[in-house]
2 protein chains.
Amino acid sequence: MARHDHRLHEGEALRDAARERLTDQGEQWTGMRAAVFDALASFDKPASAYDVAEAASKAEGRRIAANSVYRILDLFVGANLARRVESANAYVANKHPECLHDCIFLICDSCGQTVHVDDDALSASIRKAAAEAGFSAPRPVIEVRGTCGECERSAG
Amino acid sequence: MARHDHRLHEGEALRDAARERLTDQGEQWTGMRAAVFDALASFDKPASAYDVAEAASKAEGRRIAANSVYRILDLFVGANLARRVESANAYVANKHPECLHDCIFLICDSCGQTVHVDDDALSASIRKAAAEAGFSAPRPVIEVRGTCGECERSAG
DNA sequence: CCCAATCGCGTTACAATATATCATCGGAGC
DNA sequence: GCTCCGATGATATATTGTAACGCGATTGGG
């Protein structure tokens with residue numbers, strides 16, 4: 001079972017944790033990066049880079065190009081501040097950037113809502129299967145497309 | 001451990017199995033679909049829809065539009081003749097279209113080579129985790145990005 | 001036989017996602 | 001001040017994916 005002793009950050013605290021994490025890696029926490037992080041964190045579901053660019057542009061009152069957002073999102077993913085949801089071509093902020101986990105995304109095909117689960121035993125099994133096939137340095141991508149409980153009830 | 005009692009089809013046999021499977025579903029096996037299937041099966045790694053379109057065009061000696069390829073690939077995925085590799089925006093032919101499996105792809109970031117593993121116990125665990133979170137009708141996407149043994153050895 | 005309905009496919013246009021390239025700007029260190 | 005370098009801007013382009021509409025072949029009913 002997944003056990004999380006760490007804190008789930010929100011709002012200011014999340015932003016602070018992100019800044020700290022990034023600067024610890026020797027990277028700068030610039031206004032631009034803060035704006036992109038805030039924009040990403042403001043979504044309650046995975047957002048495409050273009051969605052983030054639009055939200056950040058609105059918040060900043062000036063145009064922020066998608067291409068800058070891509071650069072920064074890539075940096076964030078590398079620093080564990082954000083995750084990419086491969087099957088949705090989208091990104092989510094990582095609520096606990098200080099811990100490394102393989103994570104499992106459950107994505108509702110109906111409403112887009114995405115929940116994030118950690119199961120270290122499960123991801124260990126997957127890494128093990130990969131290792132047995134001769135694969136190294138694996139980065140598991142575990143995503144489940146389906147229908148969330150809420151949509152299930154409302155749609156029958 | 002994954003046990004496969006079914007046959008792995010190749011070449012003609014694979015094509016026949018695909019045709020049979022598709023017609024069993026009440027769909028037609030047209031020349032166009034055969035061409036797309038052959039083109040897809042001719043790749044030894046995941047191929048984008050555009051790659052398939054190009055290969056099919058070459059094989060047929062006439063232009064086959066990507067758009068048609070998308071339609072047909074979607075049909076194939078629905079009929080279990082092909083799989084989509086989400087993290088690569090690409091498709092692979094399914095070598096045993098008659099059995100339903102959640103499958104695990106191991107994708108080499110270096111050479112693109114992709115191996116396919118079935119582990120019913122593992123996918124059952126993932127489905128179980130999804131069910132516990134209230135998700136239904138799940139379609140697991142399990143992919144592992146890493147480096148294959150061969151690239152590992154040659155690149156250090 | 002003819003008509004209508006359906007299906008597969010073509011064609012064009014377009015939207016969404018992602019990367020490449022080069023210019024510029026501004027701070028850190030000398 | 002000057003230089004270097006990382007961050008960002010601007011522009012262009014590549015790649016991936018959909019939408020809309022029409023044509024032609026097939027099929028089933030009259």
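For the numbers below, each heavy atom of this structure counts, side chains included, while hydrogens, waters and symmetry mates do not. So you know, we letter chains A, B, ... as the sequences are listed, proteins then strands, and number each from 1.
- Look at CD on E86(B): it is 14 Å from P on dT16(D), rounded to the nearest Å.
- Of the candidate nucleotides dT8(D), dG10(C), dT17(C), dT8(D) has the atom lying nearest to any side-chain atom of T30(A).
- Evaluation of atom-type donor-acceptor distances gives a pair under 3.5 Å for the side chain of N67(B) against the base of dT11(C).
- Between L75(B) atom CG and dC9(C) atom C1' there is a gap of 13 Å when expressed in whole angstrom units.
- Spacing between atom CD of E60(A) and atom P of dT8(D) amounts to 11 Å, rounded to whole angstrom units.
- Annotation: of the two residues near DNA chain D, S68(A) and A88(B), the 5′-most nearest-nucleotide partner is S68(A).
- Each of N89(B) and I72(B) was matched to the nucleotide of DNA chain C holding its nearest heavy atom; the match closer to the 5' end belongs to I72(B).
- In this pair, Y70(B) and Y91(B) present their aromatic rings perpendicular. The plane angle is above 60°, beyond the 30 to 60° band.
- Hydrophobic clustering (side-chain heavy atoms under 4.5 Å, transitive across Ile, Leu, Val, Met, Phe, Trp, Tyr) keeps V85(B) apart from F37(B).
- Nearest to the side-chain atoms of R33(A) among the listed nucleotides dG17(D), dT17(C), dT8(D) stands dT8(D).
- Atom CD1 in I64(A) sits about 13 Å away from atom C1' in dA7(D), given to the nearest Å.
- Between D74(A) atom CG and dA7(D) atom C1' the separation is 15 Å, expressed in whole Å.
- Proximity of a side-chain donor or acceptor of R33(B) to a complementary backbone N or O of Q28(B) within less than 3.5 Å is detected.
- Regarding Q28(A), its CD atom lies at a distance of 14 Å from the P atom of dG26(C), rounded to whole Å.
- When the nucleotides dT19(C), dG8(C), dG10(C) are ranked by their closest atom to the side chain of M32(B), dG10(C) comes out on top.
- By the 5.5 Å and 30° criteria, Y70(B) is not stacked with the base of dT18(D).
- Between the CZ atom of R63(B) and the P atom of dC9(C) there is a distance of 15 Å, given to the nearest Å.
- One can find a donor-acceptor pair under 3.5 Å joining the base of dG9(D) and the side-chain atoms of R71(A).
- Closest to the side chain of R84(A), from the set dA19(D), dA18(C), dC9(C), is dA18(C).
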Without placing hydrogens or testing angles, list every side-chain donor-acceptor pair under 3.5 Å for residues 59-69 of chain B, not counting sequence neighbours.
from: S68(B); atom 1: OG; to: R71(B); atom 2: NH2; distance (Å): 3.4

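- Comparing dT11(C), dT16(D), dT17(C) by their closest approach to the side chain of Y50(A) singles out dT17(C).
- At whole-Å resolution of the value, CG in D51(A) and C1' in dA18(C) are 14 Å apart.
- When ring centroids are compared, H116(A) and H101(A) stay outside the 6.0 Å threshold.
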